[in-house]
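The block underneath contains the structure these notes are about, expressed in structure tokens.
Reminder, nothing fancy here: chain letters follow the sequence lines and each chain counts from 1. Note that the structure is a prediction, hence the values are computed from the model and not measured.
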There are 2 protein chains.
Amino acid sequence: MSAIRTPHAASRRARGQDARAPRAGSATGAAFSPLYRQIKALILQGLDRGEWKPGEAIPSEMDLAARFQVSQGTVRKAVDELAADNILVRRQGKGTFVATHHEEQVRFRFLRLAPDNGNPSPASSRVLECRRLRAPADVARMLELRAGDSVVQVRRVLSFNDVPTILDEIWLPGTLFKGLSYERLSVYRGPMYGLFETEFGISMIRAEEKIRAVAASDADASVLGVAAGLPLLSVERVSYTYGDRPVELRRGLYITADHYYRNSLN
Amino acid sequence: MSAIRTPHAASRRARGQDARAPRAGSATGAAFSPLYRQIKALILQGLDRGEWKPGEAIPSEMDLAARFQVSQGTVRKAVDELAADNILVRRQGKGTFVATHHEEQVRFRFLRLAPDNGNPSPASSRVLECRRLRAPADVARMLELRAGDSVVQVRRVLSFNDVPTILDEIWLPGTLFKGLSYERLSVYRGPMYGLFETEFGISMIRAEEKIRAVAASDADASVLGVAAGLPLLSVERVSYTYGDRPVELRRGLYITADHYYRNSLN
DNA sequence: TAGTGGTCTAGACCACATA
DNA sequence: ATGTGGTCTAGACCACTAG
């Protein structure tokens, strides 16, 4: 019964490091951060460093609690938020795992086009081109690069039941996607974000989209096999990895004659 | 120290009522429901009954814990989920409140169209017509009514900075919106869902949208002041109130020349 | 049988709002 | 000073998985 650790000693210790400092300013907006958010940030750092890879298990809650010197409940709350963000996946009795794009379940998290009738059928991809070039100004801005930095441009067509439906133009930072080539993309089967994970260690965890209706240009119409002027859904997506770093710009044109873009408002 | 309530007595008691029964079947899919979800369901029932109205405070966590004979922590977890669903809003030091559409903050939760440049400006609504008629088959199906049931149809134009941008066609169950009229709608300022709340006691808490690109018909083009054939964003929305009951079908046509539909993928 | 996440409780203290 | 939600801890037990 000696050397009793006073209750909350751990929390006070941990908190004293980085939660006390930014307390004063109000104009700066620097906010107080509770312990479980600091733990969340530490776990995110581990994921960013690649300490645990997509599909792998992270340490148990007890282990993490011991490692960070906090209670299991505090770790639990941090992991709860990461699971709510779809960054971690909990499996009762087995452990907590890093989310991966190599799962049927997750396939339609970033592919919002659904068929009017019937069940979602698997998409097949045909790569049109893959080349490295200097980033145009608008692309550089959205990827937070400098104009002229190296980027990879991929163009491809997605088909459902062999019907071309989506024309994608994808821009990626050249430094992050060194070995990406037309051959590598053509051989690959499965979701592109799965390839990015395993080959380049880039995990897409969030994206913002801007959606418009546009008329098909002659060139786009010819690739998609539709009449020029047909209304198409224009979807401009910026995808982010850990730390809210943009790592992909994707411009898609969707034929919405037999499909629709689904969305839920909560 | 006498008459000590055994630990977990409350949970066993509450659980015994409805969580024990559906335990056996697996083909039925009837799932085990933890206490906090039962509490969540009870709070939802209270909201559905109108026990607490939008904008009002619900009882404190301690009060709810006493009422339902569970610990504060269990109530907390139930309220946490309702807050995550945007059904309740927590305010530290003040209480927990029923979410309402009468708030600037919430204005853009169901209005996803944002301007290309500048800040979102308030929308002004011009009502074209409001009439009661028999539900067409497709409308009846989506509102879970019988074909021929009474419905209210509203058509209106939303403008930003006096520029017509959205043409809405709205269908509502006639029995739920008895006093709704052209006059009432024309006089009202503010979000339509706010009117539905205060005048008809209908809270919209969730919606599903199907989005397409279409060409403007002659009639629609003339109302919106654009050329026929212009690509427009077609947004078909079904809105739900408590208990996942559909209470609105809304078909919108958006001009996306100077605006875009924003969406986040998590 | 052991280890994992899932649930529930109890109590302490902090932060914020209001009277 | 009081009451609200917010955080953190500690410990018990349940449910699921796997060796």
Exercise. Thinking salt bridges, do A/R206 and A/D244 make one under a 4.0 Å N-O criterion?
Worked result: yes

- Query: Salt bridge between B/D80 and B/R90, side-chain N to carboxylate O under 4.0 Å?
  - Reply: yes

Side chains of [X] and [Y]: is there a donor and an acceptor less than 3.5 Å apart?
X      : Y      : answer
B/E208 : B/Y240 : no
B/S264 : A/E209 : no
A/S203 : A/Y193 : no
A/Y188 : A/E199 : no

Nearest heavy-atom approach of B/I211 to B/Y261 is CD1-CZ, 3.4 Å

Hits for side chain to side chain contact (heavy atoms under 4.5 Å, CB included) against B/S124, two or more places apart or cross-chain, chain-then-number order -> B/S159

For B/F97, the side chain to side chain contact (heavy atoms under 4.5 Å, CB included) test, sequence neighbours excluded, returns B/A57, B/R91, B/K94

Counting just side-chain N and O atoms, does A/Y36 come under 4.0 Å of either OP1 or OP2 of D/dC8?
no

Rounded to whole Å, please give me the gap between [atom1] in [X] and [atom2] in [N].
X     : N     : atom1 : atom2 : result
A/R76 : D/dT7 : CZ    : P     : 17 Å
A/D80 : C/dG6 : CG    : P     : 8 Å
A/R37 : D/dT7 : CZ    : P     : 7 Å
B/Q72 : D/dT4 : CD    : C1'   : 10 Å
A/F68 : D/dT9 : CZ    : P     : 13 Å
B/I39 : C/dC8 : CD1   : P     : 9 Å

Note: contacts of residues 56-64 of chain B with DNA chain D (heavy atom, under 4.0 Å) are B/S60, B/E61

Under a 4.0 Å heavy-atom cutoff, the residues of residues 85-99 of chain B touching DNA chain C are B/Q92, B/G93, B/K94

Quiz item: What pairs meet the side chain to side chain donor-acceptor pair (under 3.5 Å) rule with one or both residues in residues 40-53 of chain B, with sequence neighbours excluded?
Solution: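 Output for this query lists B/K40-B/E81, B/K40-B/D85, B/D48-B/R245, B/R49-B/E51, B/E51-B/R67.
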
_Side chains of B/R250 and B/D168, heavy atoms from C-beta outward: is any pair under 4.5 Å?_
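Side chain of B/R250 against side chain of B/D168, heavy atoms only: contact under 4.5 Å found.
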
Is DNA chain D part of any stem, that is, at least 3 consecutive Watson-Crick or G-U pairs with both distances under 3.5 Å, and where?
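So far as stems of 3 or more pairs are concerned, DNA chain D shows C:1-18 with D:1-18.
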
| Of the candidate nucleotides C/dT9, D/dG5, C/dC8, which contains the atom at the shortest distance from the side chain of B/P34? |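 Selected nucleotide (nearest to the side chain): C/dC8.
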
Q. To the side chain of A/K77, which of D/dC8, D/dT7, C/dT7 is closest?
A.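 The closest nucleotide is D/dT7.
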
